[in-house]
Amino acid sequence: MKRTKVVDALACTDFGKDINVRGWVRSHRSSKAVDFIALNDGSTIKNIQVVVDPSTMDAEALKSITTGACISVNGILVESQGKGQTSEIQCKDIEIYGLCPSDYPMQKKGQSMEYMRKYGHMRLRTNTFGAVFRIRHNMAMAIHQYFHEHGFYYFHTPLITASDCEGAGNMFQVTTLDLDRVAKGGEVDYANDFFGKPTHLTVSGQLEGELGATSLGAIYTFGPTFRAENSNTPRHLAEFWMVEPEVAFIDQQELMDLEEDFIKYCVRWALDNCKDDLEFLNQMIDKELIARLEGVLKDEFVRLTYTEGFEILKKAQENGTKFEFPVSEWGMDLSSEHERYLVEEYFKRPVIMTDYPSEIKSFYMKKNADGKTMQGTDVLFPRIGEIIGGSVREESYEKLLDEIHTRGMKEEVYDWYLDTRKYGTCPHGGFGLGFERLILFVTGMQNIRDVIPFARTPKNAEF
């Protein structure tokens with residue numbers, strides 16, 4: 001008999017038909033007259049109820065089916081007599097694939113997120129993480145669909161690179177050299193390394209993405225990126241996923257329009273396609289989740305310069321608002337608490353902040369005529385802070401080369417990048433969206449480690 005997914009069985013009204021479902025037991029309630037087994041196969045937040053006549057099964061075998069066990073059920077789909085469900089299965093027979101001993105760590109009781117992180121390989125089977133990762137899948141589909149509909153080409157950029165996009169230097173090195181021998185020798189001869197020079201895991205696909213945009217017109221990358229920052233915070237990972245569109249012939253206003261339209265599309269997709277999972281997370285994790293998602297769609301994003309934002313923050317501080325990192329002088333890098341104050345307290349809606357001081361932003365960003373600020377377009381969201389970082393890119397060969405020299409960067413490392421400005425340069429821009437930060441916002445989860453299947457953080461590379 002062909003297997004039916006639980007999500008399809010619950011939606012089916014063709015009662016009286018024979019059906020087979022397979023999955024993992026969420027709960028098992030027994031009595032002399034009848035047993036009820038809640039079964040879930042990961043296709044939906046909802047369980048399907050299997051009604052078992054204990055007289056038709058071996059008593060010991062039935063008793064052994066506990067929370068976490070994996071079974072296959074043959075039975076008849078019938079209209080449910082209970083509340084909260086439309087259909088259930090009158091069991092004919094059960095095949096046990098795998099029993100689950102009593103030390104199963106994901107028992108049917110409330111577990112803390114910290115506890116479940118210790119069992120990252122098992123937490124995926126819980127309702128919470130099932131909901132999170134179904135939403136994660138839907139957000140990935142939304143991203144691909146949006147860019148496909150808008151004429152972007154999916155462009156694969158390298159994970160191994162010899163350049164540092166951000167200029168921060170916090171990168172994981174890639175090498176085939178014998179590190180023990182290197183340590184004893186004292187000198188590193190990169191001529192003997194696999195690539196013949198120092199290489200690292202990428203922090204961004206943007207620079208290579210610009211090559212695609214200046215040939216294909218509009219591209220996007222969507223892949224893993226890596227930052228070797230010793231940051232044990234709820235907002236940082238060492239391995240995470242980035243979405244990075246790059247567009248030729250786009251100006252700052254058009255770039256802001258793209259950012260707002262894109263992220264609203266993703267939120268709308270979640271509300272339209274993840275209703276059951278969002279309702280579960282709204283009930284169990286964050287009571288304001290759905291209202292906050294709907295709020296993003298309701299209003300236009302505020303467009304605010306860094307200078308205007310700085311003045312608002314400084315005035316708030318003078319009027320008694322306490323910040324962990326005081327608002328001191330123009331040119332300082334704003335922290336998440338500052339960004340969230342603007343979004344959550346002052347404007348009460350998302351903000352696109354523009355025209356940052358050049359010194360606190362990357363070398364490739366186009367400067368304004370004042371020579372002090374650049375054409376940044378960062379999107380700030382409630383509870384998250386910066387969710388998108390974008391800018392118009394500097395298209396002038398001379399200006400970009402001068403910025404590389406001013407920052408003490410090695411020109412020869414970026415000669416290929418400079419060629420895009422040397423040969424047929426054009427205005428262009430783009431942004432980067434941290435995929436996990438989007439999932440944090442859409443799910444209402446509190447810690448970024450809980451929206452990626454297997455988190456990579458300092459001193460943690462399990463599974």
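The analysis underlying the following values was restricted to heavy atoms, covering all of them including side chains, and did not include hydrogens, waters or symmetry mates. Numbers here simply count residues along the sequence, with the first being 1.
- Two rings, from Tyr190 and Phe195, have their centers 6.0 Å or more apart.
- Taking the six-membered ring for Trp, Tyr154 and His148 have ring centres at least 6.0 Å apart.
- Looking only at atom types and distance, the side chain of Thr67 has no donor-acceptor partner in the side chain of Gln107 under 3.5 Å away.
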Met332/Phe310 under side chain to side chain contact (heavy atoms under 4.5 Å, CB included): CA gap, chis, key distance, verdict: CA-CA 9 Å; Met332 65 176 288; Phe310 177 81; 4.2 Å; yes
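- In summary, the side chains of Gln145 and Glu149 do present a donor paired with an acceptor at a separation below 3.5 Å, with no hydrogens or angles considered.
- Between the side chains of Asn20 and Arg22, at least one donor N or O lies within less than 3.5 Å of an accepting N or O.
- Distance alone, capped at 3.5 Å, is enough to place a donor-acceptor pair between the His338 side chain and the Phe325 backbone.
- Under the 6.0 Å cut-off for aromatic ring centres, Tyr414 and Phe363 qualify, their centroids lying closer than that.
- The existence of a salt bridge linking Asp277 and Arg134 is confirmed by a sub-4.0 Å separation between a basic side-chain nitrogen and an acidic carboxylate oxygen.
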Trace of the side-chain hydrogen bond (donor to acceptor under 3.5 Å, both in side chains) decision for Thr157 with Glu208: CA-CA 6 Å; Thr157 53; Glu208 294 88 353; 5.3 Å; no
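- Using modelled atom types, one side-chain atom of Arg349 and one backbone atom of Glu300 make a donor-acceptor pair closer than 3.5 Å.
- Annotation: Tyr146 is in aromatic contact with His150 [ring centroid separation under 6.0 Å].
- A side-chain donor-acceptor contact under 3.5 Å links Thr86 to the backbone of Leu10.
- Each of Lys118, Gln111, Arg117 was compared with Arg123 under the side chain to side chain contact (heavy atoms under 4.5 Å, CB included) criterion, and only Arg117 meets it.
- For the pair Asp276 (side chain) and Ile45 (backbone), a donor-acceptor distance under 3.5 Å is absent.
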Salt bridge (Lys or Arg N to Asp or Glu O under 4.0 Å) between Lys348 and Asp299, worked out: CA-CA 10 Å; Lys348 300 186 186 301; Asp299 297 317; over 6 Å; no
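- Although no hydrogens or angles enter the test, the distance criterion places a donor-acceptor pair under 3.5 Å between the side chain of Gln317 and the main chain of Val327.
- Side chain of Ser362 to backbone of Tyr364: no donor-acceptor contact under 3.5 angstrom is found.
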